[in-house]
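Keep in mind it's a predicted model, so treat the numbers as computed, not measured. Chain letters run A, B, ... following the sequence lines, proteins first and then strands; every chain starts at 1.
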Amino acid sequence: MRSHTCGELNKSNIGQTVVLAGWVHRRRDHGGIVFVDLRDRYGITQIKFGMKGNTEFLENKDELRNEWVIKVVGDVVSRPENMVNLKLKTGEIEVEAKELAILNKSNVLPFEIDGEKTGCVNENLRLRYRFLDLRRPEALKMLELKDKYIQHIRKYFQGLNFLEVQTPILANSSPEGARDFLIPSRLHPGKFYALPQAPQQFKQLLMVGGIDKYFQIAPCFRDEDPRMDRHYGEFYQLDMEMSFVSQDDIFAVMEPLMVELTETFSNKKVVGLSSDKKFVKIPWRESMTRFGTDKPDLRFEFEMEIKGITELVESCGFSVFADAIKNGGVVHALKVHGGGSFSRKEIEDLSTIAKSKGVNGLAHIIIKENGDLHSPILKYLGEELGKSIVAAVNGDSGDIVFFAAGNWNPVCSSLGAVRNECAEKLGLKDKTKAAWCWIVDFPMYSFSEIEPNRIDFGHNPFSMPQGGLRSLYDLAPLDILAYQFDLVLNGFEVSSGAIRNHDPEIMYKAFEIAGYSRSQVDSKFGGLIRAFEYGAPPHGGNAPGIDRILMVLQDLESIRDIYAFPKDGQGRDLMMDSPCEVSLEQLEEVHISISELDNKS
RNA sequence: GGGGGCGUGGUGUAGUGGUUUAACAUGCGGCCCUGUCAAGGCCGAGACCGCGGGUUCGAAUCCCGUCGCUCCCGCCA
């Protein structure tokens, strides 16, 4: 239909007769002469209508409107020297139209595709007309970028002799983790498939099957509320697993790829590598203490750091601190470099953030420019203790030091949230930096958040406990660490992985500690356990969320911008109108009846 | 489930300490124009200011309720 695209004609084509097809991007009507910018995926070419001798199609050209699809036959001619448009790849030439065919007209657009003219259009409107939204150059750029990104990842793993294997989409409901999407079975009344939250069990079974290097760009389905970095319902993981490896072997495969992706798909520089050029590894407990989170943003590692000062203030005159410690709690201090200028309102807001994470309040000391300390709690602490606290956190004039007291966990996460907010305020989230790190040594168990004092898995029940079976017997559950790790980029958790537990005996014992009987384990994970009884190799792997990584690398406001057809903030597809009701017949076929709807229309 | 923010022509915004013909840009329709490239000029249509109620002589503006959108917390082994 077309001889060329709209992005390729140049001086060397002058004199040729060409056929172009595309969308009317803009029309400039000068009466006797009409210019049309014809657009396709490859670029824009200026079409010139109405020069003398070519009048038989004038009727058509006058009715052309934005976003109509047309085909033009014409001659490539050079533009007058002073009319060259350097902004276009094709700006040295134009096509003098001889024939015009209108292939499809367009209604008046619900919003302007030409983003230069108005600001950012309401996202829901854009999503309803996503096919128009995709015509925006930024959308095209994103799709192209993502295509290259996926290719890069595939090439990397293929180069290392990994095998890409596809795993089932109709899988089983998993008892742990996020809410499942359920699929009713027609052939088996009352039974359900579930969409996989991750191919976790399948990839471990592949290891047992002898596929010692597996990867997959795998769709994962979880029915949890969306966030800016969490797309509703479905997202993609670079799922990988290897046999006969240690944690460091996995890191050695992942790190070069992450560096390549950073360098190829962002304008960021990788910062903060350890002396051997590898990503720093921070034990979970240390990360919680120093940064107040298990996904620390290390772009401002030194501007603000948290220190335990429990011993310093153990017997101080400030009862909030002293009592907290007496009750088995801790006191941590966060120094914020340059935070001395925070207003009273700002400090109050930070205190609200801290309280939302479970502490009763947020004390502070301001270090004035002349070195004087300013604080409502100084009269209880005394000048001398105040000074030694400030010294302990390397406080300098112009800084502010925040304090939280109470149980270790809320103290850590409160100051972590305050640290994050201060970094935002002080502009420390430097977009030119990519700070990668591994968080390692996650605890195998923690107290359940639902039932107090019940021991539950901290992270992933399939992880190998450090020290194996012996530590399950010898150590207190809360002291057992797992070969479990996360990958973190600029404060975002972008991957989770582990050396797996491939030994049925250790598996049963590990579950027993979390309160699961042997038969419960058999009924929930029978397939996997059975496989481990037939020569399972030691194995481990991880699964980076590739959409989230690209979002962080590209500094996007929302992970929705990464997808061609994203769900909206409430999990709907506004263009396809899903989810939607189905017919009674369809429901009966899968043996489902709707009991009642809360809000009848 | 809880908290914050927003809702004004098709689109993006202004107006929000009470008195306006509800403004601007862009888009849309018409006319003029042979060198533009975010073309330009003239004319025109288009919003009962999300919805309902209240306070007032008077409400886009203040109050209450409601709906919608959005971000955050809970949740995401």
Side-chain angles (χ1 to χ4, degrees), chain A residues 25-39 44-52 62-63 65-67 77 79-88 90-91 94 96 107-127 129 132 174-180 197-198 200-201 220-233 235 349 352-353 355-358 413 417 420-421 442 444-446 448-450 456-463 482 484 486 493 496 498 511 514 524-525 545 548 557-558 560 568-570 572 574 599:
Chain A
H25 187 61
R26 275 196 277 263
R27 189 176 61 112
R28 292 176 294 280
D29 187 344
H30 290 248
I33 186 169
V34 178
F35 297 103
V36 165
D37 286 343
L38 191 65
R39 185 197 72 231
I44 286 175
T45 300
Q46 176 165 284
I47 312 293
K48 182 171 60 172
F49 289 95
M51 292 302 281
K52 50 192 163 205
D62 282 339
E63 56 172 314
R65 291 294 180 272
N66 279 351
E67 298 305 310
V77 299
R79 294 193 186 193
E81 209 164 303
N82 54 335
M83 301 297 166
V84 166
N85 185 351
L86 296 173
K87 281 193 252 172
L88 297 180
T90 61
E94 59 194 353
E96 208 171 289
N107 290 340
V108 174
L109 301 166
F111 59 88
E112 276 167 72
I113 290 170
D114 198 339
E116 291 172 270
K117 296 194 176 165
T118 51
C120 197
V121 177
N122 173 277
E123 188 184 26
N124 278 13
L125 189 69
R126 283 175 24 223
L127 290 181
Y129 296 94
L132 295 178
S174 51
E176 308 282 336
R179 267 185 291 273
D180 286 315
Q197 294 181 23
Q200 181 68 34
Q201 295 193 52
C220 303
F221 305 92
R222 297 176 190 177
D223 184 7
E224 294 293 346
D225 289 2
R227 287 284 184 276
M228 65 80 91
D229 64 345
R230 217 162 71 193
H231 186 245
Y232 175 75
F235 65 100
D349 290 346
T352 306
I353 291 173
K355 285 178 190 163
S356 76
K357 293 287 183 180
S413 40
N420 188 50
E421 181 64 25
F442 274 79
M444 185 83 184
Y445 300 100
S446 62
S448 165
E449 275 156 31
I450 312 147
D456 204 353
F457 288 106
H459 222 61
N460 182 331
F462 301 117
S463 300
Q484 164 79 46
D486 279 359
E493 179 197 323
S496 202
F511 272 92
K524 283 176 175 175
F525 309 108
R548 186 179 288 175
E557 298 289 311
S558 163
R560 292 193 287 271
D568 81 344
Q570 283 165 64
R572 296 171 302 196
L574 297 170
N599 39 355

### Message
Stem finding on RNA chain B, please: runs of three or more consecutive Watson-Crick or G-U wobble pairs, both distances under 3.5 Å, sorted by first number.
### Response
B:1-7 with B:67-73, B:10-13 with B:23-26, B:28-32 with B:40-44, B:50-54 with B:62-66

Answer yes or no: does a side-chain N or O of [X] lie under 4.0 Å from OP1 or OP2 of [N]?
X         : N       : value
Arg28(A)  : rU36(B) : no
Lys87(A)  : rA38(B) : yes
Asn124(A) : rU70(B) : yes

Nearest to the side chain of [X], heavy atoms from C-beta on, is which of [options]?
X         : options                   : answer
Asp225(A) : rC76(B), rC71(B), rG74(B) : rG74(B)
Val108(A) : rC72(B), rA39(B), rC28(B) : rC28(B)
Ile33(A)  : rU36(B), rC72(B), rG35(B) : rG35(B)
Arg230(A) : rC72(B), rG74(B), rC75(B) : rC75(B)
Asp29(A)  : rC37(B), rC33(B), rC76(B) : rC33(B)
Gln570(A) : rC69(B), rC37(B), rG29(B) : rC69(B)
Arg79(A)  : rG12(B), rC37(B), rG35(B) : rC37(B)
Glu94(A)  : rC76(B), rU11(B), rU36(B) : rU36(B)
Arg65(A)  : rU36(B), rU70(B), rG29(B) : rG29(B)
Arg227(A) : rG74(B), rC76(B), rC28(B) : rG74(B)

For [N] and [M], measure between their [atom1] atoms and round to the nearest Å.
N       : M       : atom1 : answer
rG50(B) : rG44(B) : P     : 28 Å
rG7(B)  : rG17(B) : P     : 13 Å
rC48(B) : rA39(B) : C1'   : 37 Å
rC76(B) : rG68(B) : C1'   : 26 Å
rU26(B) : rC42(B) : P     : 12 Å

Touch class at under 4.0 angstrom, heavy-atom based, for [X] against every strand present:
X         : answer
Leu125(A) : sugar-phosphate
Arg572(A) : sugar-phosphate
Arg560(A) : sugar-phosphate

### Query
In terms of side-chain geometry, is the basic nitrogen of Glu123(A) or Arg560(A) positioned less than 4.0 Å from the acidic oxygen of its partner?
yes

Please confirm whether the backbone N or O of [Y] pairs with a side-chain atom of [X], one donor and one acceptor, at under 3.5 Å?
X        : Y         : result
Gln46(A) : Gly91(A)  : no
Arg65(A) : Val108(A) : no
Arg28(A) : Phe35(A)  : no

### Message
If you count every heavy atom of other residues, nucleotides or ligands that lies below 6.0 Å from Phe221(A) atom CZ, does the total exceed 12?
### Response
yes

### Message
Any N or O donor-acceptor pair under 3.5 Å from the base of rU36(B) to the side chain of Gln46(A)?
### Response
yes

#### Entry: Base of rG10(B) paired with side chain of Glu112(A) (donor-acceptor, under 3.5 Å)
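Answer is yes: a donor-acceptor pair is held.
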
### Message
Within this structure, what is the CD1-CZ distance for the pair Ile113(A) and Arg126(A), rounded to the nearest 0.5 Å?
### Response
12.0 Å

### Task
Quick one: pull up CD in Glu224(A) and CD in Gln197(A) and give me the separation to the nearest 0.5 Å.
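If I round to the nearest 0.5 Å, the distance is 8.0 Å.
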
### Query
Do Asp225(A) and Tyr232(A) have a side chain donor and acceptor closer than 3.5 Å?
no

What's the [atom1]-[atom2] distance between [X] and [N], to the nearest Å?
X         : N       : atom1 : atom2 : answer
Leu127(A) : rG68(B) : CG    : P     : 18 Å
Arg39(A)  : rA38(B) : CZ    : P     : 15 Å
Asp568(A) : rC69(B) : CG    : P     : 7 Å

### Query
So, Phe111(A) and rU11(B): ring centres less than 5.5 Å apart, planes less than 30° off, yes or no?
no

### Message
Between the base of rA39(B) and the ring of His30(A) - centre-to-centre under 5.5 Å, planes within under 30° - is that a stack?
### Response
yes

### Task
Give the ring-plane orientation class for Phe525(A) versus Phe462(A), where under 30° counts as parallel, over 60° as perpendicular and anything between as tilted.
perpendicular

